[in-house]
Amino acid sequence: MVTENTNGQISDEDRRTFLKALGVGGAVAAGSASLDDVRNAVTAGESAQLAQIGSDVRADLTGSLDAAALADGQAELASAVSSLTAAAEQGLPAAEQRAEFESLATASQPIYDHLETTGFFQSTDAHLPQFEPSYLESAVSTFVGSEALTEPLASLGLTDGDGVDLLTEVIANAEELDAYHWVASEEIPRSQIEFGEKIPPMTKAASFGVLAWLNDLDEHLWQKQVLLDDGHYGDAVWHARSMAAGLQLVSEGAKAVAEESGRFSDEELSALLTTGFAVQAIAQNMLPKDVYWVTEEMRAPRN
Amino acid sequence: MAKQDKPDRESEIEPTAERLAENFQAEAPGSTVTDEQLRADDDNPESWLQYNKGLKQRGYSPAARITPENADQLTEEYSMELGGGQQTPIVVPGGEGEPPVMYVTEGQNLTALNANTGDVYWTFEYELEYKHNVGRNQRGASVWGDTVIYCAADLRLMAVDRYTGELQWQTHAVSERQKEKMNPSTHRLTNSGAPLVFDGVVLKGQSGEGGNWSAFMAFDAETGEKLWDYNVIPPEFWIDETWRFGDGAPWTTPSVDPETGTVFFTTGNPSPQVNGVVRAGPNKHSDSVIALDIETGEEKWVHQLTAHDWWDYDAYLSSVIDMEIDGETTRVIGVKDKTGWFYVIDAETGQLLRRSEPHANQGAELPMFALPPAGEENKKEQSPTAMGATDWHPSGYSPDTGLYYLDSNDDFWEPWYDPDWEFRPDSLEHSVGGGKPFPIPAESGERATRVSAIDPDSGEIVWTQENEAAPFQFTGGNTPTGGNVVLSGTGTGAFRVLNAETGEIAHEIDIGSGIRPAPITWDVPAENKQYVAITSSTGLEVYSVEAELTEETETATQTETATETEAVTETATDTEESTETSGPGFGAAAGAAGVAGAAAAAKKRSDGDDEDDDA
């Protein structure tokens with residue numbers, strides 16, 4: 001079964017770090033932790049920072065997003081993830097290049113396009129801060145504490161255990177995310193940069209990167225199959241599903257803003273958006289490490 | 001900077017008579033070089049018509065007089081001062097009674113000389129239109145018809161009359177998109193690689209490193225008119241406008257499969273080099289091997305070797321090779337890049353068929369492919385470096401031994417990326433995005449350089465020959481020949497003749513200055529001599545061995561040619577012609593032979609004799 005995170009991406013040690021960061025290290029067993037277990041144990045403190053971000057984003061975007069379009073996009077994305085899961089049973093491509101990851105990218109495109117045309121990325125980029133570990137821990141803690149927030153993960157077929165692994169990956173890589181993959185927009189000295197206006201919002205870069213990697217994966221797996229084995233393929237599927245899950249979470253936040261239903265508090269909204277973007281950013285930077293940058297130790301045996 | 005406003009083809013060119021007047025000694029002899037002769041160059045022991053020899057760019061000569069047994073008879077013919085240290089000459093065989101003519105670049109200039117004696121016929125001097133960011137030496141030229149074609153650092157592609165040294169046409173080698181959108185100018189682009197000519201089409205890339213995006217182009221060899229262009233960085237795979245600083249320069253000489261009409265070329269790093277934060281995704285088509293249809297410029301396939309590169313791991317050279325894969329003769333592209341592996345890619349599909357063992361050190365304090373630390377204060381040792389586990393120095397594949405010979409470097413650096421990266425228009429640093437300190441005295445391992453002989457099929461390193469590893473000295477290029485030797489240079493100035501099967505040093509000559517390009521060689525049957533030309537950092541050294549071809553070496557050469565002919569039936573005629581020792585069609589006298597002039601006068605050292613890794 002290659003559709004689950006069975007390749008040691010997430011170790012029990014990582015899970016322990018995750019649980020400890022959320023303050024539930026003694027209450028939940030790392031090896032079998034589920035989202036329910038964590039939710040029942042976690043006590044998320046109130047965060048004025050998260051609440052303010054959610055309020056600002058909501059103020060920017062209310063009236064500009066289309067809930068129905070986003071719901072259609074989410075359904076398409078969920079269907080594509082399901083198809084990927086089925087296609088993945090074949091393992092690595094052999095004689096012919098396949099297109100299961102490209103299909104996932106195609107299904108993700110309408111959500112991305114809608115978020116792009118409505119100014120969603122500009123708004124989230126303007127209000128979300130540098131993704132420092134403490135901020136991420138706060139956001140993830142709030143996220144996991146709400147069953148409604150984690151619900152979109154189930155719509156993609158992710159189990160409760162997968163959900164824990166997804167969030168563990170964010171916390172386990174928080175330092176790297178902070179150092180390498182997330183520079184707050186206000187930190188970029190655009191006025192000093194000749195092409196400063198051409199550097200995209202980081203939130204947009206996270207979602208565009210998801211599409212770019214998904215569009216490339218089928219060709220990479222087919223071209224490099226002499227170096228790869230089912231372990232690499234399993235990693236590719238895991239990271240692809242993670243990237244899709246991150247996009248699904250972000251679109252859920254956008255949909256909630258569009259609905260104006262108040263089903264998420266401002267604090268919950270920013271926790272959802274932060275977690276969604278962080279998952280996308282981390283997954284797309286784990287993907288090359290596990291599937292593209294194939295060292296001698298990682299490669300499949302020579303014939 | 002002023003916006004680029006030069007016409008695409010600069011036909012109204014300055015008369016060159018004045019430029020040549022001081023440098024003209026005599027007309028170079030010879031006759032028209034045909035497309036058929038260019039096709040036959042791969043298998044012709046008497047010629048070296050293109051950069052790493054032949055359309056296939058295998059870096060192999062069937063010339064067979066020099067063997068491990070007689071290498072100690074190498075005798076100096078002549079030497080001349082020559083600046084730059086990175087150029088590879090070409091040699092056009094003479095017709096009956098004519099000497100072969102050598103063409104060699106120096107800085108931005110081109111010199112024609114008697115290849116056997118060193119007597120200079122003429123020097124064509126070119127003055128750059130702009131010098132900002134383009135201090136690059138030109139690494140070579142090609143020949144077609146009655147012209148020698150090469151490119152200057154300001155991307156002026158030029159055809160020079162190969163007899164008189166007069167400029168025939170000049171073209172600004174940039175793509176239409178570059179002309180339209182490259183603001184403020186194309187001045188961040190430059191050139192160092194030699195062009196390749198196939199069936200009247202000049203195939204040419206660009207050098208980057210200036211934080212732009214690069215293109216590969218085809219030109220009519222007769223007129224200089226651009227036939228098509230291919231922008232390496234596809235905007236649809238880059239977010240927003242970031243493709244504008246995508247780089248991906250195709251800065252080395254391409255190779256051609258004449259049977260399918262396909263050109264193969266490699267590309268360099270994305271920009272900024274050690275900072276991937278601002279360029280999400282795989283960053284196509286940086287660090288890639290690209291196959292295009294020569295007639296249309298359409299993309300056949302792209303194979304990216306290092307996606308989302310944070311280490312400046314350019315791809316370097318491609319060679320078209322026929323080798324047995326799983327019991328079938330398969331046409332493949334052999335490729336080396338900075339990572340320390342040798343790759344074998346299916347020429348038709350772009351699929352990776354083999355990847356060798358590492359031929360150089362990978363990993364140090366930081367593992368290979370670990371992201372450079374954020375901030376200079378956190379830098380750590382890593383390997384390979386941005387100079388590469390192997391360098392751009394030409395390498396060679398011998399169909400006789402079935403081995404690929406390349407330069408290997410165990411090197412260490414301390415990269416770091418700058419979280420506050422700025423894209424500055426006034427500095428090359430803008431395309432780095434951090435720091436690339438190199439070389440460093442590493443605690444992680446010993447610096448070493450060597451020649452490695454790789455079996456492309458098994459991926460095994462069959463033998464290595466160590467070189468002295470002085471700071472900033474690398475192993476030079478390597479040329480296998482039909483005499484079962486590898487002609488090899490070292491960064492510390494030793495020219496070596498290695499046994500191609502064992503790597504043993506058959507003979508060594510101290511040139512006295514570092515050698516980076518691969519030696520070239522050509523056979524002169526009328527003299528019973530095989531010549532070798534070595535470019536060092538200070539000059540050109542030419543040696544020869546006079547020897548009868550033995551039955552064994554003649555047979556080896558004929559067998560090789562026959563094998564090639566069987567595999568490639570369409571070129572049977574060309575290949576058969578190439579075995580004629582009198583030379584295919586170079587016989588018509590066209591100008592006095594054996595002219596003139598003392599060897600080249602001392603020349604000014606060319607600009608920008610860089611120690612940089614690429615471009």
Side-chain angles (χ1 to χ4, degrees), chain A residues 97 116 121 130 175-176 178-183 187-202 204-217 219-220 222-228 280-281 284-285 287-289 291-300 302-303, chain B residues 184 211 236-245 275-284 301-304 306-308 310 326 340-341 344-346 349-355 357-358 362-363 367-375 378 417 419-426 430 458-460:
Chain A
Q97 183 177 321
E116 182 186 32
F121 292 124
Q130 177 84 18
E175 294 281 355
E176 178 169 323
D178 181 34
Y180 293 100
H181 309 306
W182 203 273
V183 179
E187 301 292 329
I188 299 175
R190 292 174 194 273
S191 63
Q192 301 171 40
I193 302 174
E194 185 193 12
F195 291 160
E197 78 282 3
K198 302 184 190 313
I199 296 177
M202 291 304 290
K204 187 178 181 182
S207 295
F208 181 91
V210 166
L211 301 183
W213 285 109
L214 290 174
N215 273 313
D216 189 66
L217 252 172
E219 183 177 79
H220 171 74
W222 182 77
Q223 285 187 336
K224 299 282 200 315
Q225 60 185 265
V226 69
L227 300 179
L228 305 175
Q280 290 178 76
Q284 71 187 268
N285 284 287
L287 177 69
K289 289 180 180 177
V291 184
Y292 279 75
W293 301 334
V294 182
T295 63
E296 194 66 8
E297 295 73 29
M298 289 166 62
R299 69 163 290 172
R302 289 184 180 78
N303 293 328
Chain B
E236 64 271 26
F237 292 105
W238 289 66
I239 184 168
D240 291 354
E241 302 280 320
T242 55
W243 59 270
R244 287 176 181 272
F245 50 80
N275 185 345
V277 172
V278 295
R279 44 176 171 83
N283 305 138
K284 291 185 167 191
W301 52 257
V302 178
H303 187 117
Q304 190 172 41
T306 306
H308 196 61
W310 281 70
D326 298 331
W341 290 295
V344 175
I345 295 172
D346 189 304
T349 67
Q351 193 172 32
L352 183 68
L353 299 174
R354 300 285 188 268
R355 190 181 80 177
E357 297 174 341
Q362 296 176 330
M368 187 182 189
F369 293 135
L371 301 185
N378 297 314
Y417 104 91
D420 300 320
W421 170 74
E422 297 177 15
F423 190 99
R424 299 200 302 275
D426 58 346
H430 59 194
S458 69
E460 293 174 3

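Source: prediction; values computed, not measured. Below, read A as the first sequence line, B as the second, and so on, with proteins coming before strands; counting in each chain starts at 1.
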In terms of ring plane angle, is the pair A:Trp293 and B:His308 parallel, tilted or perpendicular, where the classes change at 30° and 60°?
parallel
Between CD of B:Gln362 and OG1 of A:Thr295, what distance do you get to the nearest 0.5 Å?
8.0 Å
Any side-chain heavy atom of A:Met202 within less than 4.5 Å of one from B:Val278?
no
A:Arg302 side chain vs B:Glu460 backbone, donor-acceptor pair below 3.5 Å
no
If I compare all heavy atoms of B:Trp341 with all of A:Val294, which pair ends up nearest, and what's the gap?
CH2-O, 3.5 Å
Below 4.5 Å from any heavy atom of chain A, which atoms of B:Ser458 appear? Answer side chain, backbone, both or neither.
backbone
Testing the 3.5 Å rule here: is there a donor-acceptor pair between the side chains of A:Glu219 and B:Trp301?
no
Most heavy-atom pairs under 4.5 Å with chain A, out of B:Gly375, B:Gly340, B:Gly459, B:Pro372, belong to B:Pro372
Contact summary for A:Phe208 and B:Glu236, nearest pair of heavy atoms:
CZ-O, 3.9 Å
Distance col, row A:Gln223:CD vs B:Leu352:CG, nearest 0.5 angstrom, shows 8.5 Å
May I ask you to name which of B:Gly276, B:Ala280, B:Gly281 has the most heavy-atom pairs under 4.5 Å with chain A?
B:Gly281
Side chain, backbone, both or neither of B:Ile345 within contact of chain A (heavy atoms, under 4.5 Å):
neither
Report the distance from atom CD of A:Glu176 to atom CG of B:Leu371, rounding to the nearest 0.5 Å.
5.5 Å
Under 3.5 Å donor-acceptor, B:Gln351 side chain and A:Lys224 backbone:
no
Can you name the nearest heavy-atom pair linking A:Asn215 to B:Phe237, along with the distance?
CB-CE2, 4.5 Å
Cut-off 4.5 Å, heavy atoms of chain B, and the answer for A:Gln284 is side chain
Can B:Glu357 and A:Arg299 be counted as an ion pair, charged N to O under 4.0 angstrom?
no
Which residue out of B:Ala374, B:Pro373, B:Ala307 racks up the most heavy-atom pairs below 4.5 Å with chain A?
B:Ala307
For the atom pair CG (B:Asp240) and NZ (A:Lys204), what is the distance rounded to the nearest 0.5 Å?
3.5 Å
Bottom line for B:Trp238: the part with an atom under 4.5 Å from chain A's heavy atoms is backbone
Any side-chain heavy atom of B:Arg355 sitting closer than 4.5 Å to one from A:Leu227?
yes
